[in-house]
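Just below is one structure, and these are the notes that go with it.
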Amino acid sequence: MTFNTDPADSAVPDETPVPAPADIVTVMVCSSCRAEDGSDTRPRPGERLGEAVRAANDDRSIRVESVECLGNCKRRLSAALVKDGGWSYVFGDLTLENAGDLIEGARLFQTSDNGLIPWRGRPDCLKRGLISRIPPLSMLKEQK
Ligand code: FES
């Protein structure tokens, strides 16, 4: 499946099927995360991680977005994996070398049929770097 996230390509006809929204996993990379020394040098490491994740998404099967602070600033570079109808995950302690791991985890998540990122096969940084996971709203029972 291909999901075209590059606005520059939007004028180019793309005959590749676009997956239904429920199938799309989005990797949100915090572009605001700074270097460990707190320097404000641009591009920030978070911006560089976002670019590296886009480069690792060579088949464009995953949606990649840069976002502002994910509220996880003390745990180095941060990213979230989100899927409609699935759990939402926040990860920290990432490095620039984890760009491919984020795409690998997103692809695992994309093929999961229970709304979870499978533990087996999940890149190590997405195991030890897990900050939180949030269930989909559809899982919550209505309260009276
Ligand atoms: S600046 Fe990246 S999580 Fe806050």
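Position 1 is the first residue of the sequence; numbering continues from there. Order of listing sets the numbers, starting from 1, for every ligand and every atom in it.
- In summary, an N, O or S atom of Cys73 is located under 2.8 Å from atom 4 (Fe) of ligand 1.
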*Does the pair Arg44 and Ser39 meet the rule for a side chain to side chain donor-acceptor pair (under 3.5 Å), with working shown?*
CA-CA 9 Å; Arg44 288 187 177 172; Ser39 86; over 6 Å; no

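- In terms of modelled atom types and a separation under 3.5 Å, the side chain of Ser31 and the main chain of Val29 share no donor-acceptor contact.
- Here the closest heavy-atom approach between residue Ala56 and residue Gly100 is recorded as CB-CA, 3.9 Å.
- Near Asn72, with a cut-off below 4.0 Å to any heavy atom, the atoms of ligand 1 are 3 (S).
- Here Cys69 fails the criterion, with no N, O or S atom under 2.8 Å of atom 2 (Fe) of ligand 1.
- Ligand 1 is never approached by Gly46 to a heavy-atom distance shorter than 4.0 Å.
- Formation of a donor-acceptor pair under 3.5 Å by the Tyr89 side chain with backbone atoms of Ile117 is found in this model.
- Gln110 places a side-chain N or O within donor-acceptor distance of the main-chain N or O of Ser61, the cut-off being under 3.5 Å.
- Heavy atoms of Ser32 found under 4.0 angstrom from ligand 1 belong to the backbone as well as the side chain.
- Taking a cut-off of under 4.0 Å to the non-hydrogen atoms of Cys30, the atoms of ligand 1 that pass are 1 (S), 2 (Fe), 3 (S).
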